[in-house]
Amino acid sequence: MTSDQLVAAPKTALPTLRGAVAGLPSYVPGRRSLGADIAALASNESHYEPLPAAVVAVAEAVGRMNRYPDMAAVELRERIARHLGVTAAEVAVGPGSVGVLQQIITGLCDAGDEVVFAWRSFEAYPILVELAGARPVRVPLDDAEGHDLDAMAAAVTDRTKVILLCTPNNPTGVPISHDRLEAFLQSVRSDVLVVIDEAYVEYADAGSGPDSLALYHQFPNVCILRTFSKAYGLAGLRVGYAIATAAIAEGLRRTALPFAVSALAQKAAIASLDAGEEMEARVAAVKLERARMTAELAAQGWKLQPSQGNFLWIRAHDQLLARLVDAFDRAGILVRAYQGDGVRITVADPASNNRVLRLLEAHAV
């Protein structure tokens, strides 16, 4: 057909988004700091600057930004493998743990498949599931703000492909104990991938949560998900990873966006692992502040579940939640509010934490 034989197409319609995308809720990030007097406690970032070794590593790599990064992230995967006692074949990396989670959902779920997770939990879960055309299955938290594993097991159907377990849970901070998780895994079909999302594991007290590596070696359908964004202070570089069987990990690498983890992020992550003792000292200071805040808020009359993350969770509904959000805004303290459920407050430096304590004391119920 020649150009003069082409027939003009009707112009009555425009391109449209997929139905799953058009109805997708937007991920709500923590609000950003707009001034020196603003306490940015909404995103669970580390309040420390990046580890000095990570800064040096990035500075040394910055002159090679004209080159693509290693798409296979071989050096980083080998370093993670040594850190955790697995092989590099069992490691997949991505742009933050949420990026790796998208690789997991994309790699395992077809349209109509189901993904089971607790609710409320990490807000990206339902978004990523719906984006893949799968069906999110939300299971309410128990009365202690933790995972109701019995209810989650009952929610599994023939269409279930993935179960997401966030421990300690974001935003409530409640971990899943090892014994409870082991019993749960024994009850789950072996063809369902169980993802143990441990974005905040470095902040958890020893023994408070599961020994995920032991469970991974015991149950081949377990996948561990971790990140460098929180305790390691690399939120701005976006690098996370999964530990899974070699077959699953290889599939996750195939579903990854090419070159998604920059060379700077890879170098910074390696340097951060090498500076583990310094990171642990920073974490210990955050845990001391977390304990101090928890004790003072309990004395004020607030009912909190003991958090194992770098944040505190206050269950608040309706008028109380609105009053707290308004008070935090007026005080220049950025926190993360969850409509109808409560507010999450990142534990930061003592001065910022004291501002939070004074405000909550004035609004204690």
Side-chain angles (χ1 to χ4, degrees), residues 25 44 97 101 104-105 108-109 113-130 134-201 203-205 207-212 214-216 218-219 221-225 294 302-309 311-318 321 336-344:
N44 292 345
S97 59
L101 180 57
I104 291 170
I105 302 299
L108 276 85
C109 293
D113 286 337
E114 296 175 349
V115 178
V116 176
F117 51 87
W119 198 251
R120 180 172 292 272
S121 194
F122 183 36
E123 271 198 300
Y125 290 167
I127 296 173
L128 296 179
V129 172
E130 291 183 18
R135 190 173 81 87
V137 180
R138 299 171 176 84
V139 179
L141 296 172
D142 61 23
D143 292 339
E145 304 280 15
H147 286 60
D148 186 339
L149 294 182
D150 290 339
M152 294 186 76
V156 173
T157 72
D158 292 342
R159 296 307 304 266
T160 303
K161 289 294 183 68
V162 178
I163 299 172
L164 305 176
L165 303 174
C166 187
T167 177
N169 186 47
N170 175 22
T172 64
V174 177
I176 305 172
S177 73
H178 183 90
D179 291 344
R180 289 179 63 232
L181 185 46
E182 182 178 27
F184 176 78
L185 290 168
Q186 289 171 343
S187 73
V188 173
R189 295 197 323 267
S190 60
D191 63 337
V192 175
L193 186 72
V194 180
V195 179
I196 304 176
D197 184 348
E198 295 188 307
Y200 300 94
V201 67
Y203 294 104
D205 293 331
S208 65
D211 182 343
S212 58
L215 293 173
Y216 166 67
Q218 184 179 353
F219 298 94
N221 61 325
V222 162
C223 171
I224 300 170
L225 189 61
T294 300
W302 295 99
K303 294 181 174 59
L304 279 70
Q305 295 295 335
S307 173
Q308 292 297 316
F311 53 87
L312 300 177
W313 169 252
I314 295 179
R315 174 68 65 174
H317 303 287
D318 305 328
L321 179 58
R336 182 68 171 86
Y338 295 83
Q339 189 62 42
D341 285 323
V343 61
R344 188 193 68 195

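If you read the sequence from its start, that first residue is 1, and numbering goes on from there. The structure displayed is predicted, hence computed values, not measured ones.
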[atom1]-[atom2] distance between [X] and [Y], expressed to the nearest 0.5 angstrom:
X: Gln218; Y: Leu185; atom1: CD; atom2: CG; answer: 8.0 Å
X: Phe184; Y: Met152; atom1: CZ; atom2: CE; answer: 5.5 Å
X: Tyr125; Y: Ile105; atom1: OH; atom2: CD1; answer: 9.5 Å
X: Cys109; Y: Leu193; atom1: SG; atom2: CG; answer: 9.0 Å
X: Leu108; Y: Cys223; atom1: CG; atom2: SG; answer: 9.0 Å
X: Asp191; Y: Lys161; atom1: CG; atom2: NZ; answer: 8.5 Å

Are any side-chain N or O atoms of [X] and backbone N or O atoms of [Y], one a donor and one an acceptor, separated by less than 3.5 Å?
X: Glu145; Y: Val174; result: no
X: His147; Y: Ala118; result: no
X: Arg159; Y: Arg135; result: no
X: Asp211; Y: Ala214; result: yes
X: Asn221; Y: Val194; result: no
X: Asn169; Y: Gly173; result: no

Report yes if the side chains of [X] and [Y] come closer than 4.5 Å at any heavy-atom pair, otherwise no.
X: Asp197; Y: Leu164; value: no
X: Leu165; Y: Val195; value: no
X: Val115; Y: Pro136; value: no
X: Asp148; Y: Leu141; value: no
X: Phe122; Y: Pro171; value: no
X: Cys166; Y: Phe117; value: no
X: Tyr203; Y: Gln308; value: no
X: Ser121; Y: Asn170; value: no

Next item on the list: Please check if any side-chain donor atom of Ser212 sits under 3.5 Å from a side-chain acceptor atom of Glu198, or the reverse.
Entry: yes
Q) Just by distance, with hydrogens left out, do Arg120 and Tyr338 show a side-chain donor and acceptor under 3.5 Å apart? A)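 On atom types as modelled, these side chains do not qualify, holding no pair under 3.5 Å.
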Open item on the list: With side-chain hydrogen bond (donor to acceptor under 3.5 Å, both in side chains) as the criterion, how do Thr157 and Glu114 come out once you've worked through the C-alpha distance, each side chain's angles and the decisive distance to 0.1 Å?
Closed with: CA-CA 8 Å; Thr157 72; Glu114 296 175 349; 2.6 Å; yes
| task | Report the C-alpha separation of Trp302 and Thr294 in whole Å, then their side-chain angles, then the decisive distance to 0.1 Å, and conclude whether the side chain to side chain contact (heavy atoms under 4.5 Å, CB included) test is met. | result | CA-CA 9 Å; Trp302 295 99; Thr294 300; over 6 Å; no
Distance-minimising heavy-atom pair for [X] and [Y]:
X: Ser307; Y: Leu312; answer: CB-CD2, 4.1 Å
X: Ile196; Y: Leu215; answer: CD1-CD1, 4.5 Å
X: Glu182; Y: Phe219; answer: O-CZ, 4.0 Å
X: Val116; Y: Ala155; answer: CG2-O, 4.2 Å
X: Ile163; Y: Thr160; answer: CG1-CG2, 4.2 Å
X: Gly340; Y: Leu321; answer: N-CD2, 3.6 Å

Check this for me: Gln339, atom CD, are more than 12 non-hydrogen atoms of other residues, nucleotides or ligands nearer than 6.0 Å? no
Aromatic ring centroids of Tyr200 and Phe311 under 6.0 Å? yes
